[in-house]
Amino acid sequence: MSDVARLAGVSKMTVSNVVNERGGVSEPVRRRVLDAIRSSGYRVNVSARTLKSGKTGVIGLAVPHVNAAYFGVLAEQVIDQAGRRGFHVAIEQTGAAAEGEIEAIAYSHTLQFDGLILSAVGLDPKDQRLPGGDFPIVMLGEQDFAAVFDHVGMPNEAGTRAATEHLVDRGCRRIAIVTGGDLSGVNVVTRRHRGYTEALLERGLPVDPALRETLGPWSAAGGREAAHRLVDSGREFDGVVAVTDSVALGLLRGFADRGVRVPEDVRVVGYDDVPDAEFAVPSLSTVAPDHRWMAAKAVELVTARIEDPSRPTGEHTAPFALRERESTR
């Protein structure tokens with residue numbers, strides 16, 4: 001920095017102001033400093049800055065699978081929101097397992113991230129391995145971590161209830177659900193299944209266990225296989241609620257394989273509103289959580305905790321909308 005200041009004919013403080021994008025520097029002086037930085041090859045010493053400030057300017061984002069469409073949408077939004085607050089984002093994959101989630105927390109400490117946004121699937125709020133202290137963590141997901149950490153949740157029950165009611169309003173009376181196999185504990189399967197059953201009961205329709213189709217892989221391939229099983233079994237159904245959009249997109253392909261028309265023979269609704277949902281044929285009706293709101297809230301909470309580790313924790317649930325498209329019209 002002293003070399004840059006000498007080359008530009010300014011003080012070290014002026015160089016610091018330019019590097020850190022502070023005000024109070026005229027445009028000609030700023031350009032002179034930037035020219036000196038380029039000609040000298042100066043780079044900020046991140047380690048030295050960290051030692052001095054106690055911060056790295058990096059937030060971790062740990063998600064179950066980086067190749068899942070929903071988490072790609074989430075990561076893009078988190079990166080955008082963090083950048084608005086002057087932070088970079090480092091992404092880690094946990095494999096949707098408690099061990100991977102604990103490791104993500106440990107790595108965040110080791111690499112000196114300023115905070116972590118963790119989409120937890122396997123972790124239990126009572127897990128003794130969860131850290132105490134004042135390291136800033138914001139939890140995403142279905143578990144209720146609000147007693148220990150800030151938590152931003154999806155509108156699982158309300159969203160799936162709205163999706164099921166939408167099918168009922170379109171005339172469906174035999175509505176299947178394609179979802180995961182674990183109906184114990186608190187997870188995305190149990191929460192979304194609860195919204196589905198509540199909607200049926202509120203509309204005076206029976207909850208038929210035979211209309212619950214359990215997925216293999218949670219993917220488009222798994223949805224395609226589930227569609228084949230539904231049709232090949234001879235079960236009567238006129239609507240399907242899918243646990244995610246990726247599964248729902250696979251259902252559309254699987255029904256087409258068997259000559260079942262959507263929406264003429266069966267109506268399909270998904271959950272997540274991933275970008276591909278709008279461009280499928282037919283386009284997919286889906287529950288659309290406000291991804292931007294979730295990312296903004298998570299980044300807001302983690303940066304606030306970076307500034308004040310002692311602030312009280314809170315529970316926050318994202319708003320949503322139902323996107324009606326061709327698959328239910």
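Note: hydrogens, waters and symmetry copies are ignored here, and every other heavy atom, side chains too, is used.
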Atom CD1 in Ile177, atom OG1 in Thr214: separation rounded to 0.5 Å? 10.0 Å

The single option from Arg192, Arg191, His193 that satisfies side chain to side chain donor-acceptor pair (under 3.5 Å) with Glu157 is Arg191

Can you tell if the side chain of Val121 reaches within under 4.5 Å of the side chain of Pro64, non-hydrogen atoms only? yes

One pair to check against side chain to side chain contact (heavy atoms under 4.5 Å, CB included): Asn156 and Tyr271. What are the steps and the verdict? CA-CA 9 Å; Asn156 290 294; Tyr271 194 116; 4.2 Å; yes

Can you measure from NE2 (His88) to CG (Asp114) and round to the nearest 0.5 angstrom? 11.0 Å

May I ask you to decide whether Asp35 forms a salt bridge with Arg31, counting only side-chain N to carboxylate O separations under 4.0 Å? no

Under 3.5 Å, is there a donor-acceptor pair between the Asp245 and Thr286 side chains? yes

May I ask you to say whether Arg329 pairs ionically with Glu326, meaning some side-chain N is under 4.0 Å from a carboxylate O? no

Do you know which two heavy atoms are closest between Ala69 and Val274, and how far apart they sit? CB-CG1, 3.8 Å

Between Leu215 and Val231, is there a shared hydrophobic cluster once you connect ILVMFWY residues whose side-chain heavy atoms come closer than 4.5 Å? yes

Taking the basic N atoms (NZ, or NE/NH1/NH2) and the acidic carboxylate oxygens, is any pair closer than 4.0 Å for Arg174 and Asp208? yes

Between the main-chain N or O of Pro312 and the side-chain N or O of Arg305, is there a donor-acceptor pair closer than 3.5 Å? yes

Pick from Val178, Thr197, Thr179, Val207: which one makes a side-chain contact (heavy atoms from CB on, under 4.5 Å) with Arg212? Thr179

Under the salt bridge (Lys or Arg N to Asp or Glu O under 4.0 Å) rule, what pairs show up with a residue in residues 228-240, not counting sequence neighbours? Glu213-Arg229, Glu213-Arg235, Asp232-Arg258

What's the spacing between Leu118 CG and Met139 CE if we round to 0.5 Å? 4.5 Å

Less than 4.0 angstrom from a charged side-chain N to a carboxylate O is my criterion; do Lys297 and Asp290 meet it? no

Ser40 vs Asp3, test: side chain to side chain contact (heavy atoms under 4.5 Å, CB included). Steps then yes/no. CA-CA 8 Å; Ser40 67; Asp3 294 336; 5.5 Å; no

Which is it for Arg325 and Asp273 under the side chain to side chain contact (heavy atoms under 4.5 Å, CB included) test, yes or no, and what are the steps along the way? CA-CA 11 Å; Arg325 300 192 179 108; Asp273 197 26; 3.0 Å; yes

Do side-chain atoms of His316 reach the backbone of Met294 as a donor and acceptor pair under 3.5 angstrom? no

In the structure I gave you, are the side-chain heavy atoms of Val4 and Val33 within less than 4.5 Å of one another anywhere? yes

Could you tell me whether the side chain of Thr317 reaches within less than 4.5 Å of the side chain of Glu315, counting heavy atoms only? yes

How about Trp218 and Val188: do any of their side-chain heavy atoms sit closer than 4.5 Å? yes

Any Leu301 side-chain heavy atom under 4.5 Å of Arg311 side chain: yes

Sub-4.5 Å side-chain heavy-atom contact between Phe113 and Pro136: no

Can you name the nearest heavy-atom pair linking Val168 to Arg173, along with the distance? O-NH1, 3.1 Å

Note, Glu278 side chain near Ser283 side chain (heavy atom, < 4.5 Å): no

Residues Val268 and Ser327: closest non-hydrogen pair is O-OG, 2.6 Å

Would a distance-only check, ignoring hydrogens and angles, find a side-chain to backbone donor-acceptor pair under 3.5 Å from Gln93 to Val66? yes

Pairwise side-chain contact, Val148 with Thr313, heavy-atom cut-off 4.5 Å (strictly under): no

Could you give the distance from CZ (Phe87) to CD1 (Ile79), rounded to the nearest 0.5 Å? 15.0 Å

Which atom of Arg32 lies closest to which atom of Ala8, heavy atoms considered: NE-O, 2.7 Å

Which atoms form the tightest heavy-atom contact between Leu251 and Gly223, and what is the distance? CD2-O, 3.3 Å

Is there a path of hydrophobic side-chain contacts, each under 4.5 Å between heavy atoms, that joins Val25 and Val15? yes

When rounded to the nearest 0.5 angstrom, what distance separates OG in Ser285 from CZ in Arg267? 9.5 Å

Are Val302 and Phe135 connected in the hydrophobic side-chain network, where two residues link if heavy atoms are under 4.5 Å apart? no

With clusters defined by side-chain heavy atoms of hydrophobic residues (ILVMFWY) lying less than 4.5 Å apart, directly or transitively, does Leu123 cluster with Val63? no

ILVMFWY cluster, Val78 and Met154 together (side-chain gap under 4.5 Å): yes

What side chain to side chain donor-acceptor pair (under 3.5 Å) pairs are there with at least one residue in residues 68-83, not counting sequence neighbours? Asp80-Arg84

Residue among Leu211, Val266, Val241 satisfying side-chain contact (heavy atoms from CB on, under 4.5 Å) with Ile175: Val241

Roughly how far, to the nearest 0.5 Å, is CZ of Arg161 from CZ of Arg203? 11.5 Å

What are the two closest non-hydrogen atoms of Trp293 and Pro319, and how far apart are they? CD2-CD, 3.6 Å

